[in-house]
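If you read the sequence from its start, that first residue is 1, and numbering goes on from there. Start at 1 and go down the list; that is how both ligands and their atoms are numbered.
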Amino acid sequence: MASSSETHEMTARTRELDLLVVGAGFGGIYAVYRARQMGLTVRAYEKADGVGGTWYYNRYPGARCDVESIDYSYDFSDELQQEWVWTEKYAGQAEILAYAEHVVDRFDLGRDIQLSTLITRLDYDDDRCRWNVETNRGELILARWVLLAPGLLSVPKVPPFPGLDAFRGEWHQTSRWPKEPVDFEGKRVAVIGTGSSGIQTIPVIASEAAHLTVFQRTPNFSIPARNRPLTDEERRRVKATYAERRRYAWRSGGGLPRAPAFESAADLEEDELEHELQSRWDIGGLDFLYQIRDFRTNLESNARIAEFVRRKIREVVDDPTVAEMLTPRGYPFGAKRPCFDTNYWATFNRQNVELVDVNASPIVNFTEHGLRTSDRECEFDIIVFALGFDAYTGAILDIDIHGRDGRSLREYWADGARTYLGASVAGFPNLFLIAGPGRPVNAGLMHHEHAVDWAMGLIEHARQNELVEVEARPEAEDEWDRRIEEAAQLTVYPKVKSWYWGANIDGKPRKFLVLLQGFDVYQEIARQEAEQEYRGFTLRTSANAAVMAGT
Ligand code: N01
């Protein structure tokens, strides 16, 4: 690797910034707002030709957020939350994208966001304590601070099936959906994958296509979303009490204004539990998920909830063989992220829908006209892949990042991602991660706001104390790693392969990527870290002089 300071000479195409932001999804947008507020020179670089991140790319039919729209929105501006009008309980992709675009316009952030630009490489210049950043357009940016916000679910899993090139029909990935509508009318369609994306899109495609074949590998637990329009009265009530609602969310474990009704399913008699579960099932969505506190830690509680959901599948699906194929077994409810659907199970009662279990009939290869499984040849006009993402680390490692002494992040994370607080990596000074590995489960925009605010707090601390470098300590990372692992082992999450472990991507190291201690706990740890003057970091006033005691 060439030394960054040698190769990166100033040219007409060189720009200098206080803060460079990678990505203009909800994290990046807010980072631009905050940095500007602090008087930093800032620019966000976004590879897409529009802002919105996840909501720019995931335009598939049926794409909808499963956090209520009134909570899946920024808290930083009361004017914004008072002005914006959400039309549905769970907003669809188009409305959320329109919201992201509105925020950018309303706060005039667009002039500091550069679209259609991929950040390809970051090199830390040890001597000048700054990052040298390259784009795919041949630009060079010199930045004191870098904030990575490229998305935690933004790199699609590549379809691993042989022969895809031979297929002469159309194929699409849910997470790279074209802007022009895909016409399913009269078409023979396949959907491969039954995670949250597949489960949302299958009912919509089934209602348009001539025939739909769903290829399922693992049946999923799903809860009816029961989406509906919001009434004027609901909107008025929320707006009158937004501040209180947000305060509650900030103090909660999930980052949402919800508290479980019961500590444990074991506290309820059979008929009481049935009544409670049914009443929340009727409301749908997160209300069902957040009913019993210990469902992620107590296998007995979990089993009772799982059985309730399994029974619901049998009640809805007419054909008992299909119902059994759709029934999740052998792993606990919530160990994979539960899905939220609109008419998912009922879709399998339609005459034009067929379910194929790829464990019994594995996909062998694609052909000119469709695909071949171990026992049949199927013809399709359109194939939709809903295969998931290289979560948490995929988008970060897509950038060739070299820290102190040229250390490569790809090599440093070869056995799994390591961070301190999910915010910083040892050997990579002045670099912040916003929604990467090592943070609590992300339930939306307040998580991004917290991550950005905390990073900005450290930048402000550096400014006030004339620090040129802040860098996580390796011992702090070790401790954080242990915390993540121990917290995961107390839950049901390790009992199934999932993207929380990197287990959905061949060759990815198996390491738990999320802190399962709640947003409230995380905030308290992060607050103490700042209060104790960032003792998990080495702080330097010049490239060689650490100012922290003991360094
Ligand atoms: O991806 P997934 P997703 N052959 O990884 C299957 C968020 N999200 O995009 O389970 C056959 O969950 C795979 O099977 P298996 C949300 O956090 C939110 O659906 O690995 N099948 C699985 O069925 C969510 O959790 C919203 O056995 C293969 C599917 O593909 C996350 O994004 C909406 C296969 C992938 O499911 C990811 O969801 C959408 C193969 N080779 C997404 N490889 C909302 O807010 C994979 N699969 C509502």
Visitor: Do Lys497 and Thr218 have side-chain N/O donor and acceptor atoms under 3.5 Å apart?
Guide: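 The answer is no; no qualifying pair exists.
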Visitor: If you have a sec, work out which protein heavy atom is nearest atom 44 (C) of ligand 1 and how many Å separate them, to one decimal?
Guide: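 Ranked first by proximity to atom 44 (C) of ligand 1 is Arg64 O, 3.4 Å.
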Visitor: State the atoms of ligand 1, each with its element, that fall below the 4.0 Å cut-off from a heavy-atom position in Phe161.
Guide: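 Reading through ligand 1 atom by atom, the close ones are 4 (N), 40 (C), 41 (N).
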Visitor: So, 4.0 Å and heavy atoms of Tyr60: is ligand 1 close enough to count as a contact?
Guide: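 Flag set, Tyr60 near ligand 1.
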Visitor: Drop me the distance from Ile283's CD1 to Ile223's CD1, to the nearest 0.5 angstrom.
Guide: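 The CD1 atom of Ile283 sits 12.5 Å away from the CD1 atom of Ile223.
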Visitor: Which one of Phe295, Phe333, Phe288 satisfies the ring pair (Phe, Tyr, Trp, His ring centres under 6.0 Å) criterion with Phe221?
Guide: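 The passing option is Phe333.
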Visitor: With a cut-off of 4.0 Å, which atoms of ligand 1 are near a heavy atom of Gly193?
Guide: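 Near Gly193, the atoms of ligand 1 are 6 (C), 23 (O), 29 (C), 30 (O).
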Visitor: Do Ser116 and Asp49 meet the criterion of a side-chain donor-acceptor pair at a distance under 3.5 Å?
Guide: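 Not at all, the side chains of Ser116 and Asp49 share no donor-acceptor pair under 3.5 Å.
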Visitor: Tell me, which protein residue and heavy-atom name are nearest atom 27 (O) of ligand 1, and how many Å apart are they?
Guide: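 That would be Thr218 OG1, 2.4 Å.
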Visitor: Can you list the ligand 1 atoms lying under 4.0 Å from a non-hydrogen atom of Pro160?
Guide: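 Listed by number with element: 41 (N).
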Visitor: Looking only at N/O atoms, are Lys157 and ligand 1 under 3.5 Å apart anywhere?
Guide: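 The answer is yes, given that Lys157 and ligand 1 share an N or O pair closer than 3.5 Å.
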Visitor: Checking Gln523 against Arg251: is there a side-chain donor and acceptor pair closer than 3.5 Å?
Guide: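 Judged by distance alone, the side chains do not pair up.
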Visitor: Examine Asp66 against ligand 1 and note whether any of their N/O atoms are separated by less than 3.5 Å.
Guide: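 It does: an N or O of Asp66 is found under 3.5 Å from an N or O of ligand 1.
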Visitor: Can you confirm whether Glu485 is buried at CD, in the sense that more than 12 heavy atoms of other residues, nucleotides or ligands lie under 6.0 Å from that atom?
Guide: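 Atom CD in Glu485 is packed in, count exceeds 12.
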Visitor: To the nearest 0.1 Å, how far is atom 12 (O) of ligand 1 from its closest protein heavy atom, and which atom is that?
Guide: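 I find the closest protein heavy atom is Gly195 CA, 3.7 Å.
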Visitor: Fit a plane to each ring of Tyr493 and Phe512, take the angle between them on a 0 to 90° scale, and name the class: parallel (under 30°), tilted (30 to 60°) or perpendicular (over 60°).
Guide: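 Rings of Tyr493 and Phe512: perpendicular, over 60°.
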Visitor: Do Asn220 and Tyr344 have a side chain donor and acceptor closer than 3.5 Å?
Guide: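 Asn220 vs Tyr344: no donor-acceptor pair found between side chains.
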Visitor: Which bit of Phe389 is near ligand 1, meaning a heavy atom under 4.0 Å away: side chain, backbone, both or neither?
Guide: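 The part of Phe389 near ligand 1 is the side chain, not the backbone.
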Visitor: For residues Asp75 and Trp250, is any side-chain donor paired with an opposing acceptor at under 3.5 Å?
Guide: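 Yes.
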Visitor: Can Phe215 be said to touch ligand 1, with heavy atoms closer than 4.0 Å?
Guide: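 No.
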Visitor: Assess the side chains of Glu95 and Thr87: does a donor N or O sit below 3.5 Å from an acceptor N or O?
Guide: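 Indeed, the side chains of Glu95 and Thr87 share at least one donor-acceptor pair under 3.5 Å.
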Visitor: For atom 30 (O) of ligand 1, find the nearest protein heavy atom and state the residue, atom name and distance (0.1 Å precision).
Guide: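 The answer is Ala386 O, 3.2 Å.
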Visitor: Tell me which protein heavy atom sits closest to atom 26 (C) of ligand 1, plus the residue, atom name and distance to 0.1 Å.
Guide: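 For atom 26 (C) of ligand 1, the nearest protein heavy atom comes out as Ser196 CB, 4.0 Å.
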Visitor: With a cutoff of 4.0 Å, is Lys497 in contact with ligand 1, counting heavy atoms of the residue only?
Guide: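 Outside the 4.0 Å threshold, so no.
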Visitor: For atom 37 (C) of ligand 1, which protein heavy atom lies nearest, and how many Å away is it?
Guide: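 It is Trp499 NE1, 3.7 Å.
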Visitor: Please check whether Thr194 reaches ligand 1 - meaning an N/O of the residue sits under 3.5 Å from an N/O of the ligand, judged on distance alone.
Guide: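 Thr194 vs ligand 1: N/O contact under 3.5 Å present.
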Visitor: Verify whether one side chain among Tyr56 and Lys179 offers a donor that lies under 3.5 Å from an acceptor in the other.
Guide: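 Yes, because at least one side-chain N or O of Tyr56 sits under 3.5 Å from a partner of the opposite role on Lys179.
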Visitor: Could you check atom 7 (C) of ligand 1 against the protein and tell me its nearest heavy-atom contact, residue, atom and distance included?
Guide: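 For this ligand atom, the closest protein heavy atom is Leu153 CD1, 3.6 Å.
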Visitor: So, are Asp287 and Arg258 salt-bridged, with charged N and O less than 4.0 Å apart?
Guide: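 Result for this pair is yes, salt bridge flagged.
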Visitor: Any idea which protein heavy atom is nearest atom 21 (N) of ligand 1, and the distance to it?
Guide: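 Of the protein heavy atoms, Arg217 CB, 3.8 Å lies nearest.
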Visitor: Can you list the atoms of ligand 1 that are under 4.0 Å from a heavy atom of Cys65?
Guide: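 Matching atoms, with element in brackets: 45 (O).
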